[in-house]
Amino acid sequence: MASPASASSSSSSSLMWFRKGLRIHDNPALQHAAARACGPLYPVFVIDPRYMEPDRAAPSPGSSRAGVNRIRFLLESLADLDSGLRRLGSRLLVLKGEPGEVLIRCLEEWNVGRLCFEHDTEPYYQALDKRVKDFASAAGIETFSPVSHTLYDPADIIARNGGKPPLSYQSFLKLAGKPSWAASPLSTTLASVPPVGDVGRCEIFEVPTLIELGYNETEQDEGAPFRGGETAALTRMKEALSNKAWVADFEKPKGDPSAFYKPATTVLSPYLKFGCLSSRYFYQCIQDIYKDVKKHTSPPVSLLGQLLWRDFFYTAAFGTPNFDKMKGNRICKQIPWSDDEQLLAAWREARTGYPWIDAIMVQLHKWGWMHHLARHCVACFLTRGDLFVHWEKGRDVFERLLIDSDWAVNNGNWLWLSCSSFFYQYNRIYSPITFGKKYDPNGNYIRHFLPVLKDMPKEYIYEPWKAPLSIQTKAKCVIGRDYPNPVVSHDMASKECRRKLAEAYAVNQRLNGTVSDEDLKSLRRKLEEDQEKELRHTKQRR
DNA sequence: CCTTAAGTTGAGAAT
DNA sequence: AATTCTCAACTTAAG
């Protein structure tokens with residue numbers, strides 16, 4: 001790793017570039033930078049205005065790329081990182097602009113000899129990092145870019161599988177084995193960080209507040225239990241892991257998606273997304289608990305199994321060109337999804353008329369987080385279950401609004417839920433009525449996030465359109481006036497979706513992975529004709 | 001290529 | 001009320 005170039009370099013300063021990995025503990029890039037620095041160390045975070053600053057044209061409060069909840073979470077994380085660094089004798093230098101451009105200017109201005117940053121497998125960072133690394137190598141700057149965001153190096157797993165990512169969880173597990181770093185305990189503390197040097201002509205900012213970024217709305221929904229930052233991450237993890245029996249018995253599919261004041265899961269995902277919590281440290285802590293208990297659950301359902309899912313999707317995403325698209329994605333079924341903007345808008349804006357679906361979408365807007373199974377319900381409903389809208393549209397909404405939205409995991413799950421890849425049992429459709437009911441028969445979750453329905457009797461809370469008008473009136477919620485009628489009939493729509501999926505699957509199989517635009521177009525035409533025929537038949541029968 | 005085994009988390013009925 | 005069974009039925013990844 002040590003390069004002779006750096007020893008002979010006239011420059012002695014180092015730059016630690018933070019992007020994800022917003023933490024002090026188990027941060028190999030920071031450790032390396034701190035340990036090897038013989039001059040000043042500049043810890044940098046670059047605010048990209050396109051990601052952070054308000055965009056009035058955006059569909060909901062936030063920037064063009066991120067909802068305000070995730071921006072808040074990121075700012076909190078940065079402020080916490082700054083105070084962590086200050087405790088160690090340093091601070092966080094915030095700069096603004098296009099990250100690649102800004103970083104290269106810093107490297108020049110500060111005469112940096114060593115650049116450290118966490119390796120990242122997302123396409124955005126792959127392109128950005130190549131630019132920066134090319135500059136660094138031409139300028140004789142040593143770079144150190146370790147893999148520490150995930151448990152494994154996706155490239156390594158793919159290489160061990162003959163160049164292709166494993167596409168089933170079980171084969172991933174077999175291939176992955178025990179992570180190489182897990183042989184010895186992680187280094188989770190740092191004694192000190194060398195001080196920052198002269199910043200020259202670079203304009204340095206403090207970590208901004210939302211208001212300073214130009215947001216008026218700074219109120220966070222009461223109850224949203226998530227504050228950004230490493231401190232909150234570690235507290236939250238310790239709290240979750242303090243109950244060893246809970247950890248040992250954890251089975252994700254048995255969690256209650258309607259629990260909101262006390263979620264059924266750890267809610268560590270946003271911290272893992274930004275790297276406020278090291279996935280490796282989390283892994284180590286879980287293993288320590290497993291050693292202490294007689295028996296524990298196993299992947300895929302166990303708590304450790306959840307962490308492995310993340311790596312599974314990171315690996316699949318890294319090894320699949322166009323992972324975030326249907327077209328040009330070799331593992332994605334080609335399906336003639338509809339582009340009905342009105343159905344999409346109804347879903348996005350929580351007015352499908354199905355309270356269980358709409359309540360989940362409200363929670364997404366207000367909290368930026370929902371339980372995993374709740375995400376399944378709305379994703380299934382939008383795509384293969386009811387509305388037959390393209391999974392990429394739903395993906396975009398999640399990507400914007402979730403505080404934990406993570407490129408690989410989010411796209412992977414949309415591929416999964418839409419039966420486009422990984423999972424193919426399109427007959428198994430989440431009912432927007434009965435699924436939530438079995439966890440929350442009284443509808444407390446709906447009453448909380450859709451207060452317009454708070455006085456609807458529990459008999460009708462999942463299907464308020466079935467309530468007699470007298471009851472609707474008494475509940476002060478007349479369907480069609482105070483709350484919408486269902487945008488589709490679930491029974492009819494889901495049958496229709498099943499049929500369309502079956503036909504699309506048949507075409508994909510017949511054409512064996514080479515479905516052209518023309519093929520898709522003619523399939524779409526055929527499906528529409530069939531639907532019309534079917535409608536005529538139903539009318540005749542009546 | 002062909003065969004085989006397996007698939008995180010459905011719904012509804014029956015016990 | 002909670003658990004287990006049955007249903008109808010697939011598909012694909014892996015080997």
Side-chain angles (χ1 to χ4, degrees), chain A residues 157-158 160-176 249-259 263-266 269 296-313 315-316 319-320 329-335 356-357 360 370-381 383-386 409 412-442 458 462-463 490-491 493-495 497-513:
Chain A
I157 300 224
I158 290 165
R160 274 192 274 151
N161 195 41
K164 282 186 175 171
L167 295 175
S168 78
Y169 185 78
Q170 293 305 329
S171 62
F172 170 82
L173 282 189
K174 248 187 260 170
L175 215 49
D249 297 335
F250 186 93
E251 283 186 66
K252 186 71 163 271
K254 295 199 174 158
D256 176 357
S258 69
T265 53
T266 61
S269 54
H296 58 82
T297 52
S298 300
V301 295
S302 65
L303 191 56
L304 194 72
Q306 304 311 306
L307 208 43
L308 292 162
W309 276 108
R310 178 170 174 271
D311 268 63
F312 170 72
F313 284 125
T315 307
T320 308
N329 180 346
R330 76 173 178 88
I331 67 169
C332 182
K333 288 251 184 264
Q334 304 299 301
I335 294 167
W356 172 244
I357 299 298
I360 295 167
M370 319 87 98
H371 185 276
H372 189 63
L373 287 179
R375 301 180 192 201
H376 278 211
C377 288
V378 295
C380 178
F381 186 86
T383 57
R384 68 179 169 90
D386 292 83
V409 180
N413 275 306
W414 278 96
L415 284 164
W416 185 295
L417 261 298
S418 63
C419 278
S420 295
S421 195
F422 307 114
F423 173 80
Y424 306 95
Q425 280 169 266
Y426 54 79
N427 281 311
R428 294 190 175 181
I429 291 173
Y430 289 94
S431 163
I433 296 148
T434 58
F435 189 83
K437 211 185 258 182
K438 69 185 172 201
Y439 297 96
D440 181 14
N442 191 44
K458 65 184 264 224
Y462 285 88
E463 303 169 273
H490 173 64
D491 281 346
S494 61
K495 262 197 202 101
C497 283
R498 272 178 239 254
R499 203 176 55 72
K500 289 177 178 169
L501 262 291
E503 291 217 39
Y505 266 44
V507 169
N508 276 265
Q509 199 158 50
R510 182 159 55 79
L511 300 176
N512 194 25

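The chains referred to below are lettered A, B, ... by the order of the sequence lines, with proteins before strands, and numbering in each begins at 1. Every value quoted in this text rests on a predicted model; they were computed, and no experiment measured them.
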Inset, instruction - Whole angstrom is fine here: how far is it from CD1 in A:Ile429 over to P in B:dG12? - result: 11 Å

Inset, instruction - Say whether, by atom type as modelled, one donor and one acceptor occur between the side chain of A:Gln306 and the main chain of A:Val301 under 3.5 angstrom. - result: yes

Legend entry - Nucleotide B:dG10, atom P - distance to NE2 of A:His372 in whole Å: 11 Å

Inset, instruction - Look at the aromatic rings of A:Trp356 and A:Tyr462 and report parallel, tilted or perpendicular, splitting at 30° and 60°. - result: tilted

Legend entry - Whole-Å gap separating C1' (B:dT8) and CG (A:Leu173): 11 Å

Inset, instruction - Would you mind reading off the distance between A:His490 atom NE2 and B:dG10 atom P, rounded to a whole angstrom? - result: 14 Å

Inset, instruction - Kindly say whether A:Phe422 contributes a backbone atom to a donor-acceptor pair with the side chain of A:Tyr424 at under 3.5 angstrom? - result: yes

Inset, instruction - Determine yes or no for a side-chain-to-main-chain donor-acceptor pair under 3.5 angstrom, with A:Thr315 supplying the side chain and A:Pro165 the backbone. - result: no

Inset, instruction - Round to a whole Å and report the spacing from NE2 of A:His371 to C1' of B:dT8. - result: 12 Å

Legend entry - No-hydrogen, no-angle side-chain donor-acceptor test under 3.5 Å, A:His490 and A:Asp386: yes

Legend entry - B:dA6 and C:dC7, which share atom name P, separated by this distance in whole Å: 23 Å

Inset, instruction - Write down the distance separating the P atoms in B:dT8 and C:dG15, rounded off to the nearest Å. - result: 15 Å

Legend entry - Nucleic acid footprint by protein, nucleotides 2-14 of chain C - heavy-atom cut-off 4.0 Å, B for base, S for sugar-phosphate alone: --------BSSSS

Inset, instruction - Under 3.5 Å for both distances, Watson-Crick or G-U wobble, that's the pair rule; now give the dot-bracket for DNA chain C, with | marking pairs to another strand and [ ] for crossing ones. - result: .||||||..||||||

Legend entry - Side-chain donor/acceptor of A:Arg375 to backbone N/O of A:Met370, under 3.5 Å: yes

Legend entry - Separation of A:Phe312 CZ from A:Leu167 CG (nearest 0.5 Å): 6.5 Å

Inset, instruction - Taking atom P in both C:dA8 and B:dA5, compute the distance separating them and give it to the nearest angstrom. - result: 24 Å

Inset, instruction - Pick the C1' atom in B:dC1 and in C:dT12, then give their distance to the nearest Å. - result: 15 Å

Inset, instruction - Indicate yes or no: at least one non-hydrogen side-chain atom of A:Gln170 is less than 4.5 angstrom from one of A:Pro300. - result: yes

Legend entry - Heavy-atom donor-acceptor pair, A:Ser420 side chain to A:Cys332 backbone, under 3.5 Å: no

Inset, instruction - Whole angstrom is fine here: how far is it from CZ in A:Phe312 over to C1' in B:dG7? - result: 11 Å

Inset, instruction - Look at the side-chain N and O atoms of A:Lys438 and state whether any lies under 4.0 Å from the OP1 or OP2 oxygen of B:dA11. - result: yes

Inset, instruction - Grab the CH2-P distance between A:Trp416 and B:dG7 for me, whole Å please. - result: 10 Å

